[in-house]
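Right, one structure below, let's go through it.
The analysis underlying the following values was restricted to heavy atoms, covering all of them including side chains, and did not include hydrogens, waters or symmetry mates. Just follow the structure's listing: the first ligand is 1, and inside any ligand the first atom is 1.
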Amino acid sequence: MSSIAAYYNGKTVLITGATGFMGKVLMEKLLRSSPDVEAVYILVRPKAGQSMQERVANMVKSKVFDRVREDCPNFQEKIKPINAELTQPNLAISAKDSQELLSQVNVVFHCAATVRFDEPLKHALLLNVMGTQQLLLLARQMQKLEAFIHISTAYANCNRRNIDEVIYPPPVETKKLCDLVEWLDESIIQEITPKLIGDWPNTYTYTKALAEYLVQQEKEHFNVAIIRPSIVGASWHEPFPGWIDNFNGASGMIIAAGKGILQTVKVNNDAVADLIPVDVVINLILAAGWYTAVHRPKTMMVYNCTTGGINPFCWGEIGYHVISTFKRNPLEQAFRIPRAQTTSNHLINQYWITVSHKAPAMLYDFYLRLTGRKPRMMKIFNRLHKSMMLLEYFTCQSWEWSSENMNMLMTQLSPEDRRLFNFDVRQLHWSEYIENYCIGAKKYLLNEDMSGIPAAKQHLRKLRNIQYAFNTTLLVIIWRIFIARSQMARNIWYFVVSLCYKFLSYFRASSTLRH
Ligand SMILES: CCCCCCCCCCCCCCCC(=O)SCCNC(=O)CCNC(=O)[C@H](O)C(C)(C)COP(=O)(O)OP(=O)(O)OC[C@H]1O[C@@H](n2cnc3c(N)ncnc32)[C@H](O)[C@@H]1OP(=O)(O)O
Ligand SMILES: NC(=O)C1=CN([C@@H]2O[C@H](COP(=O)(O)OP(=O)(O)OC[C@H]3O[C@@H](n4cnc5c(N)ncnc54)[C@H](OP(=O)(O)O)[C@@H]3O)[C@@H](O)[C@H]2O)C=CC1
């Protein structure tokens, strides 16, 4: 029997961010591997006109739960949603719910965060830092708490090149900063944000670094551990290969490439693309929860959950495998044939953006206008360029993360646990993984049926013909303009045409003689 699965059976678990990408995969794996878990409390806020109950009812219908639904059809009875808003005082949890959590919870997994790179500093602080602080305060009063697992990011310290499994001192005193932004005007905060975040590329990584420090402060009060995943991608095996349900990280770019929208991207081809499958991260999280609660390590453990140092793969290789997968399994209604120029040179990238993004977008919008429709392509490209600009910090450089704690944890697992909660990325076969990632994005994210592939291939052939016809017409037009202006070009043109004519006459004469 698996020690990890056995540990969670009979335990009460609290998950924040359970409606998110990682939260759902975590909940699914927990309920499937430990069907006798006592209860899984999840903190959920009402959103987009849906109440908490409606959101949870919709969530449990999601495909991600298909496997656990098969194994334990009543799995949703274990899920106990609690109305909460992490940016509000006391997390906006009612006194009754709060009492229930304080008396029941054994393990906390804190996944909730804003992961947007362009989040205004005030909101990022409210959620990622103050929300974490309030959850820690709640956890301190939990009578049966055995482990608190905080999900950070491997990029929390991306202002350093070599990142060890330690907490680095924060750039400012967190409390003072939070007090400051509380009374400062939003526009002033916006203005001083670049100064405040210093050499962090965005408010997300900056606030995640501050939150790590807060978590460390609690190590005297209960058992805590921090997991730092790098760029979390589609699943490797569980619940299904290629499972993905959002456009964050690399997924949006991969889809844009498959749709033929993204034709050029600024990446350092030789820089390590530190992607990590979501199921690897979840297995490590569950194993770390077990280890923290059962072995109670004396020092607070930080687990860098990365692939680069163990099984490296570069951005150039990712680009190649993405394009070749989408050529074999095209997405429906692609804008252009998938192709990706990858360069770290700013000028070359700008050139390709003009030629292969902006020019086709303008032409297509012109065509839409002519046919009485609303132009939309330029708007899509502007959004794509904004995303590319925010992501290029991560695709143009490499980091080195130590992964001793992840390796140590692996040695603590029984063979059965290593099989059930596998986070050994040495076994990851990248080309196979990227292929499943692209197909998963097609199936689960875009809801495209695999039976539509022949029609999608036919559409690509049509696009190829349009492109050939367009390129030939363009060449002829340019040549005509050139000929009209230069005597030398005219002479060359007449020389080439007469050569072709002579060759054709010779060919016709020799074939008549043969007959
Ligand atoms: C071949 C080459 C491959 C190379 C490939 C390079 C990959 C290079 C990855 C680096 C990755 C670093 C990762 C750091 C490591 C962490 O720690 S990652 C943490 C994860 N965080 C992120 O990835 C967040 C990044 N994203 C953002 O901050 C925001 O999305 C951006 C980039 C600022 C864009 O914001 P926005 O323009 O307001 O758009 P956004 O609100 O995101 O989306 C609007 C809608 O469009 C949808 N949408 C977004 N993208 C798409 C899309 N592509 N298609 C269709 N719909 C889409 C959204 O789902 C959303 O729908 P609704 O929710 O409104 O229904
Ligand atoms: N995805 C990635 O590539 C990486 C993620 N991480 C970390 O992993 C964790 C999970 O990320 P991921 O699942 O991808 O993120 P998602 O954006 O998919 O999920 C975020 C979760 O946080 C919840 N949340 C956001 N704001 C609030 C709020 N004010 N009150 C209550 N809940 C809130 C969301 O709830 P709602 O549905 O209501 O919005 C959602 O459940 C985060 O801590 C992130 O920093 C680390 C490295 C990489």
Residues around ligand 2, heavy atom under 4.0 Å from any ligand atom, sorted by chain and number. Can you pull those?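 Its neighbours under 4.0 Å (heavy atoms only) are G17, A18, T19, G20, F21, M22, R45, K47, R55, E85, L86, T87, C111, A112, A113, V115, L127, I151, S152, T153, Y204, K208, P229, S230, V232, N246, given by chain and number.
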Give me the nearest non-hydrogen protein atom to [atom] as residue plus atom name, then the distance to 0.1 Å.
atom                    : value
atom 26 (N) of ligand 1 : N248 OD1, 4.1 Å
atom 44 (C) of ligand 1 : R383 NH2, 3.2 Å
atom 1 (C) of ligand 1  : A257 CB, 3.7 Å
atom 29 (C) of ligand 1 : R116 NH2, 3.9 Å
atom 15 (C) of ligand 1 : Y155 CD1, 3.3 Å

Among E218, K208, H110, E212, which residue meets the side chain to side chain donor-acceptor pair (under 3.5 Å) test with T132?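 Of E218, K208, H110, E212, side chain to side chain donor-acceptor pair (under 3.5 Å) with T132 is met by H110 alone.
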Under 6.0 Å from the six-membered ring centre of F75 and within 45° of its axis: does the NZ or CZ of R32 meet both? no
Is the cationic atom of K259 (NZ for Lys, CZ for Arg) positioned less than 6.0 Å from the six-membered ring centroid of F326 and within 45 degrees of its normal? no
Hey, are the side chains of [X] and [Y] touching, using non-hydrogen atoms and a 4.5 Å cut-off?
X    : Y    : value
Y206 : N128 : no
I226 : M300 : yes
V107 : L14  : no

Start with the C-alpha distance between K47 and M52, add both sets of side-chain angles, then the distance that settles side chain to side chain contact (heavy atoms under 4.5 Å, CB included), and finish with yes or no. CA-CA 8 Å; K47 192 176 166 186; M52 173 199 76; over 6 Å; no
Does atom CD of E191 have more than 12 heavy-atom neighbours from other groups under 6.0 Å away?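 For E191, atom CD is not crowded (no more than 12 foreign heavy atoms under 6.0 Å).
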Does atom NE2 (H385) have a neighbourhood of more than 12 heavy atoms from anything else shown, all under 6.0 Å? yes
Hey, is [atom] touched by any protein heavy atom at less than 4.0 Å?
atom                    : result
atom 65 (O) of ligand 1 : no
atom 32 (C) of ligand 1 : yes
atom 46 (O) of ligand 1 : yes
atom 61 (O) of ligand 1 : no

Does ligand 1 come near enough to [X] that some N or O of the ligand is less than 3.5 Å from an N or O of the residue?
X    : value
V115 : yes
A340 : no
G249 : yes
T395 : no
F117 : yes

ring-ring contact (aromatic ring centres under 6.0 Å, His included), that's the test. Do F109 and F148 meet it? Break it down for me. CA-CA 6 Å; F109 294 112; F148 183 105; 9.4 Å; no
Using a 4.0 Å heavy-atom threshold (strictly under), name the region of T153 that reaches ligand 1: side chain, backbone, both or neither.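 Just the side chain.
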Tell me the contacting part of M253 for ligand 1: side chain, backbone, both, or neither, using a 4.0 Å heavy-atom threshold, strictly below. side chain
Using a strict 4.0 Å cut-off to heavy atoms of G252, name the atoms of ligand 1 that fall inside it.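 So the answer, numbered in order with elements, is 53 (N).
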Any atoms of ligand 1 less than 4.0 Å from a non-hydrogen atom of S387? List them with their elements.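 Listed by number with element: 32 (C), 34 (C).
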Just go through Y204, F247, W315 and tell me whose heavy atom is the nearest to atom 48 (N) of ligand 1. F247
Begin from the C-alpha positions of W243 and N436 and carry the test side chain to side chain contact (heavy atoms under 4.5 Å, CB included) through to its verdict. CA-CA 9 Å; W243 167 261; N436 284 334; over 6 Å; no
List, one per line, each side-chain donor-acceptor pair under 3.5 Å for residues 89-99, sequence neighbours excluded.
{"unit_1": "S94", "atom_1": "OG", "unit_2": "D97", "atom_2": "N", "d": "3.2"}
{"unit_1": "S94", "atom_1": "OG", "unit_2": "D97", "atom_2": "OD2", "d": "3.3"}

Partners passing side chain to side chain contact (heavy atoms under 4.5 Å, CB included) against T395 (at least two apart in sequence or in another chain): V267, W315, E392
Does D118 come within less than 4.0 angstrom of ligand 1, counting non-hydrogen atoms of the residue?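 The answer is yes: ligand 1 sits under 4.0 Å from a heavy atom of D118.
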Full working for ring-ring contact (aromatic ring centres under 6.0 Å, His included) between W290 and F421: CA-CA 11 Å; W290 159 79; F421 296 90; 9.0 Å; no
Looking at residues at least two apart in the chain, or sitting in another chain, which of them share a side-chain hydrogen bond (donor to acceptor under 3.5 Å, both in side chains) with H237?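 side-chain hydrogen bond (donor to acceptor under 3.5 Å, both in side chains) check on H237 returns nothing, list empty.
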Does the side chain to side chain contact (heavy atoms under 4.5 Å, CB included) test come out yes or no for N162 and W399, once each step is laid out? CA-CA 6 Å; N162 298 300; W399 286 264; over 6 Å; no
